[in-house]
Number of protein chains: 2
Amino acid sequence: MNPDLKLDNQLCFRLYAASRLVTRLYQPQLEPLGLTYPQYLVLLVLWEQSPCNVKTLGERLMLQSNTLTPLLKRLEQQGLIHRERDAKDERVVWIQLSEAGQALEAQCACIPAQLLTQLTEPKSAWLELGQQLDKVLAQLKPLVGIQ
Amino acid sequence: MNPDLKLDNQLCFRLYAASRLVTRLYQPQLEPLGLTYPQYLVLLVLWEQSPCNVKTLGERLMLQSNTLTPLLKRLEQQGLIHRERDAKDERVVWIQLSEAGQALEAQCACIPAQLLTQLTEPKSAWLELGQQLDKVLAQLKPLVGIQ
DNA sequence: TGAAATTAAATCGTGTGCGATATAATCTTG
DNA sequence: CAAGATTATATCGCACACGATTTAATTTCA
């Protein structure tokens with residue numbers, strides 16, 4: 001058969017697989033907090049920048065309102081964020097961490113370190129992967145019309 | 001703020017983002033064929049090995065029947081595969097490419113090369129990324145209980 | 001042999017992703 | 001200033017992922 005079509009030769013599959021496996025690695029940390037992985041990513045942005053509007057949130061996460069709006073409504077129901085229309089420009093919705101949402105940052109502070117402990121040496125493989133991902137992300141973004 | 005919690009420092013986010021962007025890059029090739037990206041991955045396996053049972057398909061793709069069964073039913077409805085219970089062991093379902101499913105391989109043969117043309121130099125970054133993904137996948141699999 | 005354990009798929013419910021479209025507000029321009 | 005274009009968010013529908021459970025078939029082993 002065509003070796004170009006072998007599954008294990010596909011970079012796309014390796015990315016897809018690695019992304020899903022890493023997400024599963026986060027599960028034991030996130031589940032007790034009642035968070036899904038995309039919800040955790042939204043909180044990462046908000047801990048950097050709150051309030052933050054939906055458009056900016058989407059730019060950071062490469063998501064649009066069709067994905068974010070329902071997700072944000074769930075975070076609001078959980079009491080982690082507030083959603084409010086901009087008074088000046090009623091099109092814009094501002095997302096702001098609630099007290100509980102801010103407090104959650106402390107609880108999540110240990111997650112990255114906790115995950116690292118699960119990874120055996122060499123850590124260099126992970127660092128290099130991160131750098132390569134930065135390179136290819138920079139190349140991919142314009143190809144799919146981002147930035 | 002805690003730099004360990006900055007979005008751009010998260011390897012997990014870079015993997016998640018890269019995986020989604022690469023999937024989008026495939027879209028223009030797959031959409032005319034009426035295929036989704038996960039359906040394409042299933043076909044990649046079947047072009048290597050048909051018939052193939054659901055369990056084996058799941059091991060290759062790291063998916064289970066809760067995801068595969070509905071997906072396979074859609075491929076069957078499209079006339080690309082046949083599904084049949086094993087006569088000896090009625091628990092097992094065998095997936096076999098139909099004539100149309102086999103014929104589709106030729107139409108997909110150009111997809112990997114077509115994608116490569118979109119990528120500017122250096123190709124080395126992509127090769128290295130593939131190798132690094134292999135390393136971390138080997139490390140991740142046992143951590144999440146695969147193999 | 002036959003009850004318990006294991007296995008393979010299927011089913012169910014929830015939460016994304018995302019293309020397409022809708023809605024409403026703001027901006028642009030003639 | 002008003003019609004058309006643009007922008008920000010929401011809505012809708014479909015197809016994954018995946019945890020949990022169910023169903024049915026097979027295997028194990030006392």
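The chains referred to below are lettered A, B, ... by the order of the sequence lines, with proteins before strands, and numbering in each begins at 1.
One interatomic measurement links the two molecules: OH of B:Y40 to P of D:dC16, which rounds to 16 Å at whole-angstrom precision. Taking atom CG of residue A:D86 and atom C1' of nucleotide D:dT7, one finds them 13 Å apart after rounding to whole Å. A straight line from CG of A:L63 to P of D:dA8 spans 16 Å, rounded to a whole angstrom. Atom NZ in A:K55 sits roughly 14 Å away from atom P in D:dA10 (whole-Å rounding). The distance from atom CZ of A:R85 to atom C1' of D:dT9 is 6 Å, rounded to the nearest whole Å.
Residue order along DNA chain D, read from the 5' end via each residue's closest nucleotide, puts A:P70 first among A:P70 and B:A87.
Ionic pairing of A:E90 and A:R85 is not present here: no N-O contact between side-chain nitrogen and carboxylate oxygen is shorter than 4.0 angstrom. Between A:R91 and A:D89 there is a salt bridge, since a side-chain N of the basic residue sits under 4.0 Å from a carboxylate O of the acidic one.
Residue A:R20 places none of its side-chain N or O atoms closer than 4.0 Å to OP1 or OP2 of D:dA17. Phosphate contact (OP1/OP2 of D:dA10, side-chain N/O of A:T69, threshold under 4.0 Å): present. Between B:Q39 and D:dC16 there is a side-chain polar atom (N or O) within less than 4.0 angstrom of OP1 or OP2. The side chain of B:T36 places an N or O atom within less than 4.0 Å of a non-bridging phosphate oxygen (OP1 or OP2) of D:dC16. A sub-4.0 Å separation between OP1 or OP2 of D:dT11 and a side-chain N or O of A:K73 is present.
Contacts of A:D89 with the nucleic acid, taken as non-hydrogen atoms under 4.0 Å apart, involve only primed sugar atoms and P, OP1 or OP2. Nucleic acid contact for B:L71: sugar-phosphate only, since backbone atoms but no base atoms lie under 4.0 Å from a heavy atom of the residue. Nucleic acid contact class of A:R74 (heavy atoms, under 4.0 Å, all strands): base.
The base of D:dA8 has none of its N or O atoms less than 3.5 Å from a complementary donor or acceptor on the side chain of A:S65.
Candidate nucleotides D:dA24, D:dC16, D:dT11 were compared by shortest atom distance to the side chain of A:N66, and D:dT11 ranks first.
Heavy-atom contacts of chain A under 4.0 Å fall on DNA chain C between two terminal nucleotides, which in 5' to 3' order are C:dG15 to C:dT26.
A:S65 contributes no side-chain N or O that, together with a main-chain N or O of A:L68, makes up a donor-acceptor pair within less than 3.5 Å.
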